[in-house]
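Working notes, beginning with the structure itself.
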Amino acid sequence: MAFIEFNGPFDLAATLESGQAFRWRRETADEIGPPWFEGVVFSNIVHIRQVGERLEWAASPDSEQSLAPILRDYLRLDEDFSAIISALEFDDTLRAGLAEHTGLRILRQEPWECLVSFICSANNNIPRITKNVEDMASAFGTPIQAGSGERNAFPSPVQLADAGEAKLRELGLGFRAKYVAAAARRVAEGEFDLYSLREVSYQDALDTLIEFAGVGDKVANCVLLFSMDKPEAFPVDVWIDRALRDWYFSESDEKISRNKMRTWAQARFGEHAGYANQYLFHGRRLRDRN
DNA sequence: AGCCAGGCCCTCC
DNA sequence: GGAGGGCCTGGC
């Protein structure tokens with residue numbers, strides 16, 4: 001067992017269950033205290049929970065000592081969250097969203113897994129995306145040598161390229177199987193390194209990502225925001241579409257395209273548009289559930 | 001039965 | 001350059 005201390009608003013459960021990442025499971029409560037989560041990240045099984053201003057966690061097979069800085073990075077615990085809040089609270093709607101979802105953070109995920117996950121998100125729903133991702137790992141990923149639980153690392157580009165479209169279709173990916181297989185071949189061939197997109201501009205990275213079949217503006221912006229250090233990314237899906245129309249646009253904007261919505265939002269919310277996106281997204285969904 | 005789900009691609013205008 | 005239809009699959 002290891003511990004991570006942190007400062008500022010942070011809500012582990014909200015962050016892990018916000019639909020950014022698809023391999024975290026809330027474990028059934030069998031003791032008093034906050035819930036545990038089990039996830040697979042960086043080829044490790046990680047158990048983690050938040051107790052107040054501190055995280056309790058354990059990893060396998062790597063040592064907690066070696067994984068600690070990586071996990072800290074993954075959770076963006078060193079991000080200047082107060083600067084983000086003060087940059088966004090000029091907007092009344094966002095100020096409400098910030099209060100409603102205090103501590104919801106954006107993760108810094110592994111780019112390949114993130115890309116494949118969001119290719120699978122097209123015209124899909126979260127439970128099925130989660131199943132698709134887990135099934136790919138079970139079928140083609142490398143088993144993790146850990147004491148308990150049988151979970152596999154997310155498959156590498158080579159592993160998914162070797163699997164091929166037909167076997168991915170058997171897992172139930174549907175028309176997305178073709179896109180995943182093609183992306184896997186392209187990355188496996190070493191044409192470029194997805195991590196290198198962390199080092200280039202937002203626009204250059206976006207232009208590169210949408211060259212993948214099955215990756216349009218929305219999916220690319222998710223990958224940029226959740227794995228490639230592009231906080232200005234702003235994915236416009238059906239929920240953001242509704243949120244902007246409800247809260248910012250008038251009926252005369254009926255015909256505005258989602259691409260225009262993105263550039264409008266980026267102009268308004270600036271370098272932290274991605275966080276604005278998360279609070280609008282979850283705020284709008286919450287309203288529909290109530 | 002028919003529609004929708006955190007879209008994308010293709011065709012046609 | 002953008003509107004419209006089709007798409008795997010599963011749930012309601």
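What you see is a predicted model; the values in this text were computed from it and never measured.
Under the 3.5 Å distance criterion, with hydrogens and angles disregarded, a donor-acceptor pair is assigned to the side chains of A/Gln266 and A/Tyr202. Using modelled atom types, one finds a donor on one side chain and an acceptor on the other under 3.5 Å when comparing A/Tyr275 with A/Glu79. A donor-acceptor contact under 3.5 angstrom links the side chains of A/Ser82 and A/Asp80, judged on distance only. Under the 3.5 Å distance criterion, with hydrogens and angles disregarded, no donor-acceptor pair is assigned to the side chains of A/Gln20 and A/Thr15.
For the pair A/Asn123 CG and B/dC9 P, the interatomic distance rounds to 13 Å; values are reported in whole Å. As a whole-Å value, the separation of A/Arg176 CZ from C/dG6 C1' is 13 Å. Rounded to whole Å, atom C1' of B/dA5 lies 9 Å from atom CZ of A/Arg128. Distance, A/Phe175 CZ to C/dG5 P: 18 Å, rounded to whole Å. Per the geometry, CG belonging to A/Asn124 stands 12 Å off C1' belonging to C/dG11, to the nearest Å. Atom CD1 of A/Ile256 and atom P of C/dA3 are 11 Å apart (whole Å). For A/Lys218 and B/dG6, the NZ to C1' distance is 4 Å, given to the nearest whole Å. Protein atom CG of A/Asn132 is 9 Å distant from nucleotide atom C1' of C/dT9, rounded to whole Å.
Projected onto DNA chain B by closest heavy-atom contact, A/Phe118 and A/Ile210 fall at different nucleotides, the more 5' of which corresponds to A/Phe118. Nearest-nucleotide positions on DNA chain B place A/Gln20 closer to the 5' end than the other of A/Gln20 and A/Gly214.
With both ends at atom P, the span from B/dG2 to C/dC7 equals 16 Å, rounded to whole Å. Atom name P, nucleotides B/dC9 and C/dG10: the rounded distance is 23 Å, in whole Å. With both ends at atom P, the span from B/dG6 to C/dA3 equals 23 Å, rounded to whole Å.
Residue A/Ile129 is out of contact with every strand shown, counting any heavy-atom pair closer than 4.0 Å. Among the heavy atoms of the strands lying under 4.0 Å from A/Gly19 is at least one base atom, whether or not backbone atoms are also near. Using a 4.0 Å heavy-atom cutoff across all strands shown, A/Ser117 reaches no nucleic acid atom at all. Here A/Phe226 lies in heavy-atom contact (under 4.0 Å) with a base.
When each of C/dA3, B/dG6, B/dC9 is scored by its nearest atom to the side-chain atoms of A/Tyr179, the top-ranked nucleotide is B/dC9. Residue A/Ala213 places its side chain closer to B/dC9 than to any other of B/dC9, C/dG10, C/dA3. Of the candidates C/dA3, B/dA5, B/dG7, the closest approach to any side-chain atom of A/Arg242 belongs to B/dA5.
The partner of C/dG10 is B/dC4, judged by Watson-Crick or G-U wobble contacts that both fall below 3.5 Å.
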Full working for ring pair (Phe, Tyr, Trp, His ring centres under 6.0 Å) between A/Tyr248 and A/Trp264: CA-CA 11 Å; A/Tyr248 296 95; A/Trp264 177 89; 5.5 Å; yes
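How far CG of A/Leu12 is from CZ of A/Arg49: 11.0 Å, rounded to the nearest 0.5 Å.
Looking at A/Arg258, its side chain has no donor and acceptor atom pair within 3.5 Å of the base of B/dG7.
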